[in-house]
Amino acid sequence: MHLTAPATGQIEAKPRRDADGMAVASFILGLLGLLVLNLFLGPVAIVLAGVSLWRGTTRRGRAYLGMALGVADLVVLFAAMQFTDTVSWSL
């Protein structure tokens, strides 16, 4: 972990903040992927959740939820492909 010391003398841990942001992004992209672009957003949500957990995020629940939503994106896409015999789906 790389620590930086600003002029105020406080030590700030940037990687943890980045990991928290990745956990939130994973959740949002996984949720959005249920509606559009599930083939792209599902795997991105899974990877972001995994990286944020590996970096030690404090938002573990949000990262796990983002990972679950990413998997759900792929499951929805697979189910839609089976029902419509296409690679995409529409409402």
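In this text the structure is predicted, and so the values were computed from the model without any measurement. We use all heavy atoms of the structure for the numbers below, so side chains are in, but hydrogens, waters and symmetry mates are not.
- Residues Val44 and Met22 share a single hydrophobic cluster, defined by chaining ILVMFWY side chains whose heavy atoms lie under 4.5 Å apart.
- Here the straight-line distance linking atom OG of Ser26 with atom CZ of Arg59 works out to 12.5 Å at 0.5 Å rounding.
- The hydrophobic cluster containing Phe40 does not contain Ile46, counting ILVMFWY residues as joined when their side-chain heavy atoms lie under 4.5 angstrom apart, directly or transitively.
- Judged by distance alone, the side chain of Thr57 and the main-chain N or O of Leu53 form no donor-acceptor pair under 3.5 Å.
- Each side chain to side chain donor-acceptor pair (under 3.5 Å) pair with one or both residues in residues 62-76, not counting sequence neighbours, appears once here: Arg60-Tyr64.
- The two residues Leu69 and Leu31 make their nearest non-hydrogen contact at CD1-N, 3.8 Å.
- The two residues Ser52 and Ala63 come nearest to each other via the heavy atoms OG-CB, 3.5 Å.
- By the criterion of side-chain heavy atoms lying less than 4.5 angstrom apart, applied directly or through intervening Ile, Leu, Val, Met, Phe, Trp or Tyr residues, Ile28 is not grouped with Leu74; the two fall into different hydrophobic clusters.
- For the atom pair Leu29 CG and Leu41 CG, the distance stands at 5.5 Å (nearest 0.5 Å).
- Atom CZ of Phe78 and atom CG of Asn38 lie 13.5 Å apart (nearest 0.5 Å).
- Residues satisfying the side chain to side chain contact (heavy atoms under 4.5 Å, CB included) criterion with Val75, sequence neighbours excluded, are Val71.
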